[in-house]
Amino acid sequence: MAIIEIKNLTKVFEGGTRALDKVDLVVNGPDFLVILGPSGAGKSTLIRSINRLVSTADGSIRFHDREITGIHGRELRDVRKKMGMIFQQFNLIKRLNVLENVLVGRIRFQSFPSRFVTSLFRKFSIEDQRAAFECLCQVGIERQAYQRADTLSGGQQQRVAIARAIAQGPDMILADEPIASLDPKSSDVVMGIIKKINMEKGIPVIVNLHQYEFAKKYATRIVGMNDGRIVYDGPPENLDHETLGEIYKGGEE
């Protein structure tokens, strides 16, 4: 069964910009799927539509064979708990230390009263602290566990963000341009960590990228987008210069 099934997905922003144009996409586990394309291709809109950070008027998104395009409130929160999200700008709470930022991902396992108290007073169980620390070990940042998040380098902060995502125990991971603000060395480290999680845990991953070199190195499947449409869907080894020309036509890498 597909973990994500998207049919005829269309998104038009105010002003008439068509960010998604009748997109069809099926994602099976444990794919490491890279959405590749220039700025404005629709990559971020597509990935943010999956976890409903962007709402769409037309089309269907099914998650675990459940229609999610029209859900709201508690139903939407429950779905988002199962989708670990990694952002370009990390989205860490800068005044908290590294371990506390990862513990935010553990709040989903608590009942409502406990969740409220935890959020207010930052009191986590020993079990949650151990689980969060294990996530830090998985991304190689455990030595910075008690360091403030805003004192870390960009690559280190992104590792914390990855640890927070896997602390949720997600069914899939979404990553929106996770290496766009990193240098090449840090980018390689971050992509390697995400790939390792994908392989060892069998969690499907969808990553947006501009850089086709990283896409070809890490992806098991590449979806190329241009002007809101999918223009390529296949293995990285079939991504030739002609196809890259179609993906980046009229845009910038």
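Just so it is clear, the values below take in all heavy atoms, side chains as well, and ignore hydrogens, waters and symmetry mates. Numbering starts at 1 and runs along the sequence shown. Because the structure is a prediction, the values reported are computed rather than measured.
A salt bridge links Arg62 and Asp65; the closest N-O separation between the charged side-chain nitrogens and carboxylate oxygens is under 4.0 Å. Using a 4.0 Å cut-off between charged nitrogen and carboxylate oxygen, Asp183 and Lys185 do not count as a salt-bridge pair. Between Lys217 and Asp188 there is a salt bridge, since a side-chain N of the basic residue sits under 4.0 Å from a carboxylate O of the acidic one.
Residue Ala219 comes nearest to Pro236 through the heavy atom pair O-CG, 3.2 Å, listed as atom of the first residue, atom of the second, then distance. Between Ala165 and Pro170, the shortest heavy-atom contact is O-CD, 3.4 Å.
The shortest distance between side-chain heavy atoms of Lys216 and Leu244 does not fall below 4.5 Å. Residues Met191 and Gln211 fail the side-chain proximity criterion, which asks for heavy atoms closer than 4.5 Å. For the pair Leu76 and Arg80, the minimum side-chain heavy-atom distance is below 4.5 Å. Side-chain contact between Phe90 and Arg164 is absent, with no heavy-atom pair separated by less than 4.5 Å. Taking 4.5 Å as the limit, some side-chain heavy atom of Tyr248 sits within range of a side-chain heavy atom of Leu36. Between Lys11 and Ser55, some side-chain heavy-atom pair lies under the 4.5 Å cut-off. Contact of the Tyr218 side chain with the Ile194 side chain is not registered, since no non-hydrogen atoms from C-beta on lie closer than 4.5 Å. Side-chain atoms of Gln138 and Ile166, non-hydrogen and from C-beta on, do get closer than 4.5 Å to each other.
Cluster annotation: Leu53 and Ile50 are assigned to the same hydrophobic cluster (Ile/Leu/Val/Met/Phe/Trp/Tyr, side-chain heavy-atom contacts under 4.5 Å, transitive). One hydrophobic cluster, built from ILVMFWY side chains closer than 4.5 Å, cannot hold both Met225 and Val207; they sit in different ones. When the side chains of ILVMFWY residues are joined at heavy-atom separations under 4.5 Å, either directly or via intervening members, Met172 and Val205 end up in two distinct hydrophobic clusters. A chain of hydrophobic side-chain contacts below 4.5 Å, direct or via other Ile, Leu, Val, Met, Phe, Trp or Tyr residues, connects Phe133 to Ile193. Met85 and Val160 end up in different hydrophobic clusters when Ile, Leu, Val, Met, Phe, Trp and Tyr side chains are linked at under 4.5 Å.
The structure places CD of Gln168 at 12.0 Å from NZ of Lys82, a figure rounded to the nearest 0.5 Å. Taken to the nearest 0.5 Å, the OG1 atom of Thr56 stands 14.5 Å off from the CZ atom of Arg48.
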Practice item. Kindly determine whether Glu246 and Asn226 satisfy side-chain contact (heavy atoms from CB on, under 4.5 Å), including the steps that lead there. Key: CA-CA 8 Å; Glu246 283 295 309; Asn226 187 289; over 6 Å; no
Practice item. Determine, step by step, whether Asn238 and Tyr232 satisfy the side-chain contact (heavy atoms from CB on, under 4.5 Å) criterion, reporting the C-alpha distance in whole Å, the side-chain angles of both residues, the deciding distance to 0.1 Å, and the verdict. Key: CA-CA 10 Å; Asn238 291 349; Tyr232 175 80; 3.3 Å; yes
Review point. Yes or no on side-chain contact (heavy atoms from CB on, under 4.5 Å) for Asp21 and Asp227, after CA distance, side-chain angles and deciding distance?
Key: CA-CA 8 Å; Asp21 190 2; Asp227 199 24; over 6 Å; no
Exercise for review: In sequence, state the C-alpha distance, the side-chain angles, and the governing distance for Glu75 and Asp78, and then conclude on side-chain contact (heavy atoms from CB on, under 4.5 Å).
Suggested key: CA-CA 5 Å; Glu75 284 186 293; Asp78 288 343; 5.7 Å; no
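Side-chain atoms of Arg159 come within 3.5 Å of backbone N or O of Gly140 as a donor-acceptor pair. Looking at Lys22, its side chain never comes within 3.5 Å of a backbone N or O of Arg229 through a donor-acceptor pair. When atom types are taken as modelled, the side chain of Asn208 and the backbone of Lys43 share a donor-acceptor pair closer than 3.5 angstrom. Between the side chain of Asn97 and the main chain of Arg148, no donor-acceptor pair closer than 3.5 Å is present. Within the 3.5 Å criterion, the main-chain N or O of Ser44 finds no donor-acceptor partner in the side chain of Glu177. Under a 3.5 Å cut-off, the side chain of Glu134 and the backbone N or O of Gln129 do not form any donor-acceptor pair. The backbone N or O of Phe32 lies less than 3.5 Å from a partner atom in the side chain of Thr220, making a donor-acceptor pair.
Other residues, nucleotides and ligands contribute at most 12 non-hydrogen atoms within 6.0 Å of the CD atom of Glu127. Annotation: Arg66, atom CZ; neighbour count of heavy atoms from other residues, nucleotides and ligands within 6.0 Å is above 12.
Considering Thr10, Val23, Ile61 in turn, Ile61 is the only one that fulfils the side-chain contact (heavy atoms from CB on, under 4.5 Å) rule with Ser49. Paired with Leu25 under the rule side-chain contact (heavy atoms from CB on, under 4.5 Å), one option of Leu9, Asp233, Ile4 passes, and it is Asp233.
Side-chain N/O atoms of Ser181 and Gln88 include no donor and acceptor closer than 3.5 Å.
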